Amino acid sequence: MTRSRAYRKNDQAHVEQKNGAIVRRLAGYGRFVGAEATATLGQLYAVVRLYGNLFQPSFKLQEKTRIGARVIKRYHPPVPPAARVLTHPGVAEANKQQLQAMMETADPVLLFAGIRAAQEELGRRVDRRGLNAKIEEPAVIDLRASPRI
């Protein structure tokens, strides 16, 4: 998905950068057509969301210091987003218990296998127009044999 913010004429480039970093890396550059491909993309994104939020560590900026033209950034140690939510004091205890139960039942190996399976299914569903497409002979229809109305 792409979007742009109001009164930011060059914002689209930054959104496209995210598409290249996240979406294109997962789904590729092919064109997907049809409801089945849409459902498969939905499955892929659901599994990637769980895998990324529960198990993939990410850096968060701790402080940024500017010395002249040089900017020095210091980061917290990498932690998965779900672990950050569990340690945050502003999150309700019921939500923390629900997230903890989700983390205990989720298996990173099975989630990764789900990602690969969805990617393979998308590979079968990609619209291959222009990519080694075979020229098919048009179907011959005998107009004399068809019933007249």
Side-chain angles (χ1 to χ4, degrees), residues 1-139 141:
M1 292 289 203
T2 60
R3 63 148 182 87
S4 62
R5 296 178 293 178
Y7 307 110
R8 311 272 186 183
K9 68 178 185 179
N10 65 346
D11 190 43
Q12 194 66 29
H14 302 291
V15 175
E16 291 294 333
Q17 181 182 12
K18 291 289 187 186
N19 278 347
I22 299 169
V23 176
R24 297 291 178 224
R25 187 176 295 167
L26 288 172
Y29 287 87
R31 179 180 173 89
F32 302 110
V33 178
E36 294 88 7
T38 304
T40 306
L41 271 173
Q43 291 172 354
L44 174 66
Y45 291 149
V47 175
V48 167
R49 178 187 63 84
L50 286 176
Y51 183 75
N53 287 329
L54 297 179
F55 300 110
Q56 283 293 311
S58 63
F59 286 99
K60 285 292 180 183
L61 187 64
Q62 183 176 4
E63 66 176 320
K64 184 163 57 169
T65 309
R66 186 176 187 100
I67 302 172
R70 186 174 177 200
V71 177
I72 299 172
K73 298 178 182 179
R74 302 214 188 277
Y75 295 90
H76 290 286
V79 177
R84 281 198 187 89
V85 171
L86 291 174
T87 60
H88 196 278
V91 178
E93 198 61 37
N95 293 338
K96 287 184 180 182
Q97 289 174 357
Q98 184 181 12
L99 182 61
Q100 187 66 35
M102 188 185 303
M103 287 181 69
E104 290 171 358
T105 59
D107 183 12
V109 175
L110 291 177
L111 289 174
F112 197 72
I115 292 171
R116 291 293 180 219
Q119 286 175 333
E120 287 177 12
E121 181 66 25
L122 282 174
R124 285 191 289 274
R125 297 202 177 278
V126 69
D127 186 15
R128 302 224 183 257
R129 284 184 280 187
L131 300 174
N132 302 325
K134 297 177 191 171
I135 299 174
E136 296 182 12
E137 293 294 324
I141 301 172

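Since the model is a prediction, treat every value here as computed from it, not as a measurement.
Counting heavy atoms from C-beta on, the side chains of Pro108 and Phe55 come closer than 4.5 Å. Side-chain atoms of Ile115 and Leu111, non-hydrogen and from C-beta on, never get closer than 4.5 Å to each other. Inter-residue side-chain proximity for Lys64 and Ile72 is flagged as unmet; no heavy-atom pair is nearer than 4.5 Å. Between Val79 and Thr87, the closest side-chain pair of non-hydrogen atoms is not below 4.5 Å. With contacts defined as side-chain heavy-atom distances shorter than 4.5 Å, the pair Thr65/Lys73 does not qualify.
Scanning all heavy atoms of the two residues, the minimum distance from Val85 to Val91 falls at O-CG2, 3.8 Å. Of all non-hydrogen atoms in Ala106 and Leu54, the two that sit nearest each other are CB-CD1, 3.8 Å. When all heavy atoms are compared, the tightest approach of Ala37 to Phe32 is CB-CB, 3.7 Å. Taking each heavy atom of Ser58 and Arg84 in turn, the nearest pair found is O-NH2, 2.8 Å.
Proximity of a side-chain donor or acceptor of Arg49 to a complementary backbone N or O of Tyr51 within less than 3.5 Å is not detected. Formation of a donor-acceptor pair under 3.5 Å by the Gln119 side chain with backbone atoms of Ala27 is not found in this model. Judged by distance alone, the side chain of Arg74 and the main-chain N or O of Leu61 form no donor-acceptor pair under 3.5 Å. At least one donor-acceptor pair closer than 3.5 Å links the side chain of Lys96 to the backbone N or O of Leu86.
The CD atom of Glu36 sits 12.0 Å away from the CG atom of Leu41 when rounded to the nearest 0.5 Å. Interatomic distance, CG of Asp107 versus CG of Leu50, reported as 12.0 Å (0.5 Å rounding). In this structure, NE2 on His88 lies 12.5 Å from CG on Asn95, to the nearest 0.5 angstrom. Rounded to the nearest 0.5 angstrom, Leu99 CG and Asn53 CG are separated by 9.0 Å.
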Requested in this report: Please lay out, stage by stage, how Val23 and Tyr45 fare under the test side chain to side chain contact (heavy atoms under 4.5 Å, CB included).
Outcome: CA-CA 9 Å; Val23 176; Tyr45 291 149; 3.4 Å; yes
Requested in this report: For Leu44 and Thr40, run side chain to side chain contact (heavy atoms under 4.5 Å, CB included): C-alpha distance rounded to whole Å, both residues' side-chain angles, the deciding distance at 0.1 Å, then the answer.
Outcome: CA-CA 6 Å; Leu44 174 66; Thr40 306; 5.7 Å; no
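At a threshold of 4.0 Å, the pair Arg116-Glu120 does not count as salt-bridged, since none of the basic side-chain nitrogens sits closer than that to a carboxylate oxygen.
The aromatic rings of Tyr75 and Phe59 lie perpendicular to each other, with more than 60° between the two planes, well past the 30° mark.
Heavy-atom contacts from other residues, nucleotides or ligands closer than 6.0 Å to CD of Gln98 number 12 or fewer.
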